[in-house]
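Nothing fancy with the numbering, it's 1 onward along the sequence. Hydrogens, waters and symmetry mates play no part in the numbers below; they use all other heavy atoms, side chains included.
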Amino acid sequence: MVDIARLAGVSTSTVSRALSGSSLVNDETKKRVAELARSLNYTINIGAQNLRLSQNRTIAVVIPYDAANRQHVSDPFFLSMLGSLADAITDCGYDMLISRVDADRLDEAAQIYEGGRAIGIILIGQWQHHDQLNDLAVRRVPIVVWGAQLPQQYYCTVGSNNVEGGKLATEHLVSHGRSRIVFFGDRQLPEVSHRYAGYMQILENHHIPLREELYVSSAFTVESGKQALHQLLKSKIPFDAVFACSDLLAMTVISGLRTEGIHVPHDVAVVGYDDIELSQHFHPPLTTVKQSIDVAGRTLVEALVELMAGKAPSPLLLPTSLIVRSTSA
């Protein structure tokens, strides 16, 4: 800036005003300063400027990780959600910071806000620590969570109607003559427990016994899915369908069944969850419960902006729908 001021024959404060578009500087000087700045490859350090002006336009997107399985950010669902959030955050004139915290210490997300790195937080998933998120809300940390609505909830959530999603998947399988439906997922997680509630309700509606041996606990990773399927097949428990709580798990199951000579959908029908982009290109194309991720990103950001403005946005449930493809029909 000193070099530009010397070459332009003005003060450094005039250069600063010219580059920020101040009306105190005439158009001719602004033009001269801008041309010199371009010739010297000068750019404004927005981060430093925000610190100096006590401004911040950064929203943190926090993706927790489970130390036991380390679900990676490259998980297709996370990538879809990050893409949706990036578009929505940019459209609202903010910058995005991606961060990770231990899923057992969700309260550590507050450090991003309290340390001044971001003015608000969007957290992907509640995991098993609803209480920690309530504590953040009590501390007035501006945070919106992608997750399920739970009793005595003080923080704002945006999420899909997981009970309805569970019902849609199970009803579809039952309507195609399947009665021994394996539920694949970790029902200790709030969203998965809601999907399981929908699954149980449809079984009850059709007078199909709920068999605990058909619940298979699996984290949202390929390795966990492989191990869970191996144990299921090893147990020799008969089943004719699988409702997997993510598309990635569903694809893992299908690949494992294929290796064992079990045909999908003739022998075992499979339904996934999320409707990630890959699901329609998988072989065979995957039947799945669609979550509107594009709408989710925009809704999460809008709720956070309201919260940062001092308002109290209400939790919101987004609709789910069943996308029928070749793995179930």
Nearest heavy-atom neighbours spanning P284 and R258: CD-NH2, 3.7 Å
If you define the side chain from C-beta out and look only at heavy atoms, does anything of M251 sit under 4.5 Å from L278? yes
Derivation of the side chain to side chain contact (heavy atoms under 4.5 Å, CB included) call for W146 and T157: CA-CA 6 Å; W146 170 258; T157 53; over 6 Å; no
Stacked cation flag R180 on F239, 6.0 angstrom / 45 deg: no
Under a 4.5 Å cut-off applied to non-hydrogen side-chain atoms, are R6 and D3 in contact? yes
Looking at OG1 of T170 and CD1 of I208, how far apart are the two atoms once the value is rounded to the nearest 0.5 Å? 9.0 Å
Flag side-chain contact, heavy atom, 4.5 Å: D186 against Q128: yes
Between F183 and Y199, how do the two ring planes meet: parallel, tilted or perpendicular, split at 30° and 60°? tilted
Decide if atom NE2 of H206 counts as having more than 12 heavy atoms of other residues, nucleotides or ligands within a radius under 6.0 Å. yes
Any side-chain donor-acceptor pair under 3.5 Å between S11 and T14? yes
Flag yes if I89 and L316 sit in one hydrophobic cluster, no otherwise; membership is Ile, Leu, Val, Met, Phe, Trp, Tyr, and two members link when side-chain heavy atoms are under 4.5 Å apart. yes
Is there a path of hydrophobic side-chain contacts, each under 4.5 Å between heavy atoms, that joins I119 and V101? no
Do you know which two heavy atoms are closest between Q280 and P285, and how far apart they sit? O-CB, 3.8 Å
Taking the side chain as C-beta and beyond, is there a heavy-atom pair between I59 and I121 under 4.5 Å? no
Taking atom CZ of R32 and atom CG of D27, what is their separation to the nearest 0.5 Å? 12.0 Å
Quick one: does L189's side chain get under 4.5 Å of E191's, heavy atoms only? no
Would L150 and Y155 count as a side chain to side chain contact (heavy atoms under 4.5 Å, CB included) here? Give the steps. CA-CA 10 Å; L150 300 174; Y155 55 94; 4.1 Å; yes
Could you walk me through whether R17 and S23 pass side chain to side chain donor-acceptor pair (under 3.5 Å), step by step? CA-CA 8 Å; R17 292 191 187 99; S23 59; over 6 Å; no
Does R195 make a cation-pi contact with F243 (under 6.0 Å, within 45 degrees of the axis)? no
Would you say F77 ends up clustered with V192 if hydrophobic residues are merged whenever their side chains have heavy atoms under 4.5 Å apart, either directly or through other cluster members? no
Through direct or indirect side-chain contacts below 4.5 angstrom among Ile, Leu, Val, Met, Phe, Trp and Tyr, which residues connect to Y154? V138
I would like to know whether V182 and V253 meet side chain to side chain contact (heavy atoms under 4.5 Å, CB included); could you show each step before the answer? CA-CA 11 Å; V182 173; V253 167; over 6 Å; no
Measure from NZ or CZ of R100 to the centre of the six-membered ring of Y65, then state whether that distance is under 6.0 Å and the direction lies within 45° of the axis. no
Give the cluster check for L248 versus M81: same hydrophobic cluster or not, with ILVMFWY residues linked at side-chain heavy-atom distances below 4.5 Å. no
Name each donor-acceptor pair under 3.5 Å that joins a side chain in residues 260-269 to protein atoms two or more places apart or in another chain, with its distance.
| unit_1 | atom_1 | unit_2 | atom_2 | d |
| --- | --- | --- | --- | --- |
| H263 | ND1 | H266 | N | 3.4 |
| D267 | OD2 | H263 | N | 2.7 |

Verify whether the ring centers belonging to F184 and Y215 lie closer than 6.0 Å. no
Do the side chain of T90 and the main chain of A86 share a donor and acceptor less than 3.5 angstrom apart? yes
Got a list of side-chain donor-acceptor pairs under 3.5 Å for residues 291-313, not counting sequence neighbours?
| unit_1 | atom_1 | unit_2 | atom_2 | d |
| --- | --- | --- | --- | --- |
| Q291 | OE1 | S160 | OG | 2.8 |
| Q291 | NE2 | D274 | OD1 | 2.6 |
| T299 | OG1 | V295 | O | 2.7 |

Please check if the side chain of D102 supplies one atom and the backbone of D66 the other of a donor-acceptor pair under 3.5 Å. no
Could you tell me which non-hydrogen atom of H172 sits nearest to which non-hydrogen atom of S328, and how far apart they are? NE2-OG, 2.6 Å
Minimal heavy-atom distance between V141 and A110, with the atoms involved, is CG2-CB, 4.0 Å
In terms of hydrophobic clustering (I, L, V, M, F, W, Y; side-chain heavy atoms under 4.5 Å; direct or indirect links), are F220 and F78 co-clustered? no
Donor-acceptor contact present, side-chain T327 to main-chain V270, <3.5 Å: yes
If you count heavy atoms of other groups shown closer than 6.0 angstrom to CD of E213, is the number above 12? yes
Which value, rounded to the nearest 0.5 Å, describes the distance between D131 atom CG and Q152 atom CD? 11.5 Å
Does any non-hydrogen side-chain atom of T287 lie less than 4.5 Å from one of I323? no
Can you measure from CG (D275) to NZ (K290) and round to the nearest 0.5 angstrom? 4.5 Å
Flag, side chain of E35 to backbone of K30, donor-acceptor distance under 3.5 Å: no
Minimum-distance pair of heavy atoms, taken over all atoms of R178 and A241: CB-CB, 3.8 Å
Does the pair V158 and L318 meet the rule for a side chain to side chain contact (heavy atoms under 4.5 Å, CB included), with working shown? CA-CA 7 Å; V158 174; L318 301 177; 4.1 Å; yes
Going from CG on D107 to CG on L133, what distance comes out if it is rounded to the nearest 0.5 angstrom? 9.0 Å
Would you say the side chain of P64 lies within less than 4.5 Å of the side chain of L123, judging by non-hydrogen atoms? yes
With a 4.5 Å limit on heavy-atom distance, are the side chains of N162 and Y273 in contact? yes
Output for pair (L210 CG, L203 CG), nearest 0.5 Å, gives 6.0 Å
Check this for me: K226, atom NZ, are more than 12 non-hydrogen atoms of other residues, nucleotides or ligands nearer than 6.0 Å? no
Closest heavy-atom pair and its distance - L173, V242: CD1-O, 4.2 Å
Please check if the side chain of T58 supplies one atom and the backbone of A118 the other of a donor-acceptor pair under 3.5 Å. no
